[in-house]
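In what follows, every chain begins at residue 1, and chains take the letters A, B, ... in the order their sequences are listed. Scope of the values below: all heavy atoms of this structure, side chains included, with no hydrogens, waters or symmetry mates.
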Amino acid sequence: MTGANDDSSGSDDTGPREDHQAFWADAVADEIEARNPDEPITIKGGVSPSGVPHIGHLNEIMRGYFVAQALRDRGHAVEQVFTSDDKDRLRKMPRTLASLDWEIVGLDEVDAGALGENLGKPLTDVPDPFGCCSSFGAHQTELLRKSAEAMGVPIEIVSNTQLYAEGAFESVTRTVLERRERAREILADYQEKVDDSYVPFSPQCEACGHLTETVTAIDLNSETVDYVCESVEAGNRIIEGCGHEGTATLREGKLPWRFEWPAQWRVLGVDFEPFGKDHAEGSWPSGEEICRELLDTEPPVPMVYEWFTYNGSALSSSSGHVITVDEVLSVLEPEVFRYFFTKDPGRARDFDVRQLDQLVDEFDRFESVCFDRVDATDRERAVAERAYPMVVDSVREERIRIPYTFAAVLGMTDDEALRASMARRSGHLPDDAPEWVVEDALARVENARTWAVRTDNEYNYRLAESLPEISVSASEAAALDSLADLIEREHPDGETLQQQIYDTAREHGIEVGDFFELGYRLFLDQPQGPRLGPFLAAMDRAFVTGRLRRE
RNA sequence: GGGCUGGUAGCUCAGUCCGGCAGAGCGUCUGGCUUUUAACCAGAUGGCCGGGGGUUCAAGUCCCUCCCAGCCCGCCA
């Protein structure tokens with residue numbers, strides 16, 4: 001169905017605060033619907049692709065995604081686009097870069113000169129320092145595309161450079177130049193340094209390729225501007241101009257950001273756009289006014305999102321304190337990370353790798369709430385039922401989750417059959433679980449294992465492949481042998497075995513604590529570990545008895 | 001200097017729009033055999049809701065103000 005709500009004005013009389021939406025994306029969807037937008041409804045995001053794309057940038061995609069899904073669920077056709085603002089000038093050297101395989105490298109490992117010699121040019125005119133893409137901008141855009149793909153979000157990526165090149169911005173640019181007096185007036189309310197000489201267009205110098213700011217003449221008949229390539233200030237530094245005097249068409253240059261953003265809204269027909277708090281007080285209010293006053297277009301429904309921090313401090317492409325989508329997905333299932341973005345965008349949030357188990361536990365609860373397996377408030381249930389289907393690839397109630405920390409423990413072995421049998425014997429997987437359930441449940445093990453290794457936390461065990469070098473006393477040897485016999489004879493369950501370990505230690509006059517440590521050394525080559533009884537009971541019996549006998 | 005956003009239990013977060021007993025999970029503690037062991041179960045513990053003031057029968061929620069963090073505009077460079 002298309003074109004919902006057309007002119008049925010009678011049904012719109014209910015006030016906007018009529019029913020409070022539990023899930024934020026539905027509140028946004030309400031706002032968008034209230035405007036009766038043309039279909040497909042267009043949701044946009046975008047970034048200037050200059051540094052290593054990190055999880056903060058993903059807000060531009062994920063926040064829109066949930067709104068898009070909420071609208072689609074209501075029967076609307078929705079298109080989610082993402083502009084790579086790749087006509088932006090390269091202003092400074094990034095400290096780190098990412099290869100297309102997400103390897104983070106320093107400038108010394110790439111052709112840094114490709115960047116350094118081209119400061120001031122549009123990102124798409126800067127060579128790729130990795131040499132693998134047609135430009136630095138293209139390289140960066142490719143990383144963004146991969147991020148969205150990895151998150152399973154279908155978006156159309158639009159190159160800003162491309163939009164200029166094909167003339168999509170031409171008429172808007174013309175309008176802005178025609179009405180530059182008004183443009184100045186508006187912008188001057190937001191930016192003090194806008195003076196009479198300000199021209200809302202930056203031509204690209206035909207000689208050196210820099211984006212320049214000194215426009216000397218505007219000819220709207222021929223749709224060209226004359227310029228002098230003078231030095232410009234960018235990113236707290238001066239970028240030298242070449243002094244060339246030339247003429248540029250409206251496709252050969254770019255609008256300043258404050259105008260470019262509203263121009264995108266108009267050209268792409270944007271109905272909704274989320275943006276970070278950096279824009280909330282700057283480009284949004286000016287953009288809103290520019291859009292209405294200058295471009296005669298209604299601006300999109302806005303949404304400000306708070307920034308994430310990473311391990312407690314600000315994410316920063318330039319300083320290199322980043323975590324990429326690729327890294328996150330090496331420790332989290334995509335649905336868990338998608339869940340992270342269902343949380344209130346207005347709240348500042350830390351992505352703390354050391355505490356990822358909490359996030360995963362939260363997700364597991366979220367899933368359980370959706371399927372009504374645990375107690376929850378009405379609100380929590382409403383959010384879960386609404387957002388959960390947008391988070392998973394498919395809603396399958398039979399799915400089983402192994403707790404993240406236990407999954408990390410299962411990572412002690414690479415033997416997948418052993419992982420499965422340990423999960424079964426420990427009660428986390430029913431014996432009759434279908435193949436796909438087992439496979440799904442165990443998929444988490446690799447993630448959790450990577451996490452445990454990366455943070456080197458208390459779940460970072462490794463099953464000792466071969467017999468560790470340990471010396472045992474005569475009484476300890478006897479105790480271990482006797483425990484092995486017991487296991488062979490009685491096949492005890494975990495709790496029984498736990499008890500038998502205590503009993504055996506005492507029977508042989510060994511300190512209980514010492515005996516446990518001996519057990520951990522034997523199997524993990526560490527002095528501590530998980531509850532020994534259940535742990536040993538979960539493993540292959542012959543292996544356990546053999547190891548106890550120090551074979 | 002002006003403004004915007006955030007600040008809720010040890011941790012991660014709901015609840016704030018629209019005032020009605022301060023919540024969840026995790027952690028911690030205790031118990032579950034005579035037993036320290038990270039995957040079990042039960043119970044308990046946990047809060048000046050950033051501070052202060054105001055409105056109200058009633059404030060985490062509304063108003064004012066201050067503090068802290070981040071950001072925007074300006075100023076400076």
Return no unless some side-chain N or O of [X] is found under 4.0 Å from OP1 or OP2 of [N].
{"X": "R347(A)", "N": "A14(B)", "result": "yes"}
{"X": "R349(A)", "N": "C11(B)", "result": "no"}
{"X": "Y502(A)", "N": "U37(B)", "result": "yes"}

Between [M] and [N], how far apart are the [atom1] atoms? Round to whole Å, please.
{"N": "A42(B)", "M": "G25(B)", "atom1": "P", "value": "11 Å"}
{"N": "C13(B)", "M": "A58(B)", "atom1": "C1'", "value": "27 Å"}
{"N": "U61(B)", "M": "G70(B)", "atom1": "C1'", "value": "24 Å"}
{"N": "U30(B)", "M": "C49(B)", "atom1": "P", "value": "28 Å"}
{"N": "C73(B)", "M": "C66(B)", "atom1": "C1'", "value": "23 Å"}
{"N": "A24(B)", "M": "G32(B)", "atom1": "P", "value": "26 Å"}
{"N": "G46(B)", "M": "G7(B)", "atom1": "P", "value": "25 Å"}
{"N": "A59(B)", "M": "A22(B)", "atom1": "P", "value": "10 Å"}

Measure [atom1]/[X] against [atom2]/[N] and give the value in whole Å, please.
{"X": "F406(A)", "N": "C40(B)", "atom1": "CZ", "atom2": "P", "answer": "9 Å"}
{"X": "D195(A)", "N": "G74(B)", "atom1": "CG", "atom2": "P", "answer": "13 Å"}
{"X": "H508(A)", "N": "U35(B)", "atom1": "NE2", "atom2": "P", "answer": "20 Å"}
{"X": "W284(A)", "N": "C73(B)", "atom1": "CH2", "atom2": "C1'", "answer": "18 Å"}
{"X": "E289(A)", "N": "C73(B)", "atom1": "CD", "atom2": "P", "answer": "16 Å"}
{"X": "E511(A)", "N": "U37(B)", "atom1": "CD", "atom2": "P", "answer": "14 Å"}
{"X": "F523(A)", "N": "A38(B)", "atom1": "CZ", "atom2": "C1'", "answer": "18 Å"}
{"X": "L315(A)", "N": "C71(B)", "atom1": "CG", "atom2": "P", "answer": "12 Å"}

Heavy-atom side-chain proximity of [X] to [Y] below 4.5 angstrom:
{"X": "V336(A)", "Y": "L359(A)", "result": "yes"}
{"X": "W261(A)", "Y": "F275(A)", "result": "yes"}
{"X": "R401(A)", "Y": "E333(A)", "result": "yes"}

Nearest-nucleotide wise, let me know which of T405(A) and E306(A) is further upstream toward the 5' end of RNA chain B.
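That would be E306(A).
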Both V409(A) and A348(A) contact RNA chain B. Taking the nearest nucleotide for each, which residue is further toward the 5' end?
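First, find each residue's nearest nucleotide; the 5'-ward one identifies A348(A).
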Partner nucleotide, any strand, of [N] [Watson-Crick/G-U, under 3.5 Å]:
{"N": "U34(B)", "result": "none"}
{"N": "G46(B)", "result": "none"}
{"N": "A14(B)", "result": "none"}
{"N": "A22(B)", "result": "none"}
{"N": "G70(B)", "result": "C4(B)"}
{"N": "A77(B)", "result": "none"}

Strictly below 4.0 Å, heavy-atom distances to any atom of RNA chain B: list the hits from residues 271-281 of chain A, or just say none.
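Nucleic-acid contacts, sorted: K277(A), D278(A), E281(A).
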Which residues, if any, of residues 410-429 of chain A bring a heavy atom under 4.0 Å of RNA chain B?
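Heavy-atom contacts with RNA chain B come from S426(A), H428(A).
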Please work out whether the ring planes of [X] and [Y] are parallel, tilted or perpendicular, with thresholds of 30° and 60°.
{"X": "F340(A)", "Y": "F351(A)", "result": "perpendicular"}
{"X": "H57(A)", "Y": "H54(A)", "result": "parallel"}
{"X": "W257(A)", "Y": "H279(A)", "result": "tilted"}

A quick test of your reading: do over 12 heavy atoms of other residues, nucleotides or ligands sit less than 6.0 Å from CG of D195(A)?
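Counting other residues, nucleotides and ligands, CG of D195(A) exceeds 12 neighbours.
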Please determine whether the number of non-hydrogen atoms from other residues, nucleotides or ligands lying under 6.0 Å from atom CD of E490(A) exceeds 12.
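Correct, the count exceeds 12.
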Just call it for [X]: base, sugar-phosphate, or nothing, with non-hydrogen atoms closer than 4.0 Å on any strand.
{"X": "Y190(A)", "value": "sugar-phosphate"}
{"X": "Q355(A)", "value": "sugar-phosphate"}
{"X": "G282(A)", "value": "sugar-phosphate"}
{"X": "D344(A)", "value": "sugar-phosphate"}

Derivation of the salt bridge (charged side-chain N to carboxylate O under 4.0 Å, His left out) call for D26(A) and R386(A):
CA-CA 9 Å; D26(A) 277 312; R386(A) 186 71 180 130; 2.6 Å; yes
Donor/acceptor link under 3.5 angstrom from Q499(A) side chain onto base of U35(B):
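When only heavy-atom distances are counted, Q499(A) does reach the base of U35(B) through a donor-acceptor pair under 3.5 Å.
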Test log, rule side chain to side chain donor-acceptor pair (under 3.5 Å), inputs S286(A) and R258(A)
CA-CA 7 Å; S286(A) 66; R258(A) 295 273 180 147; 3.0 Å; yes
[options]: which one has an atom nearest the side-chain heavy atoms of [X]?
{"X": "Q358(A)", "options": "U34(B), C71(B), G25(B)", "result": "G25(B)"}
{"X": "R258(A)", "options": "C13(B), G6(B), C72(B)", "result": "C72(B)"}
{"X": "E458(A)", "options": "U16(B), A38(B), G74(B)", "result": "A38(B)"}
{"X": "R531(A)", "options": "C13(B), U37(B), U16(B)", "result": "U37(B)"}

Hey, do the aromatic rings of Y339(A) and Y388(A) have their centres closer than 6.0 Å?
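No, the ring centres sit 6.0 Å or more apart.
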Please walk me through it: do E469(A) and R550(A) pass salt bridge (charged side-chain N to carboxylate O under 4.0 Å, His left out)?
CA-CA 10 Å; E469(A) 281 186 34; R550(A) 284 97 56 219; over 6 Å; no
With salt bridge (charged side-chain N to carboxylate O under 4.0 Å, His left out) as the test, would you mind laying out the steps for D414(A) and R419(A) before giving the verdict?
CA-CA 8 Å; D414(A) 293 329; R419(A) 286 177 180 175; 3.8 Å; yes
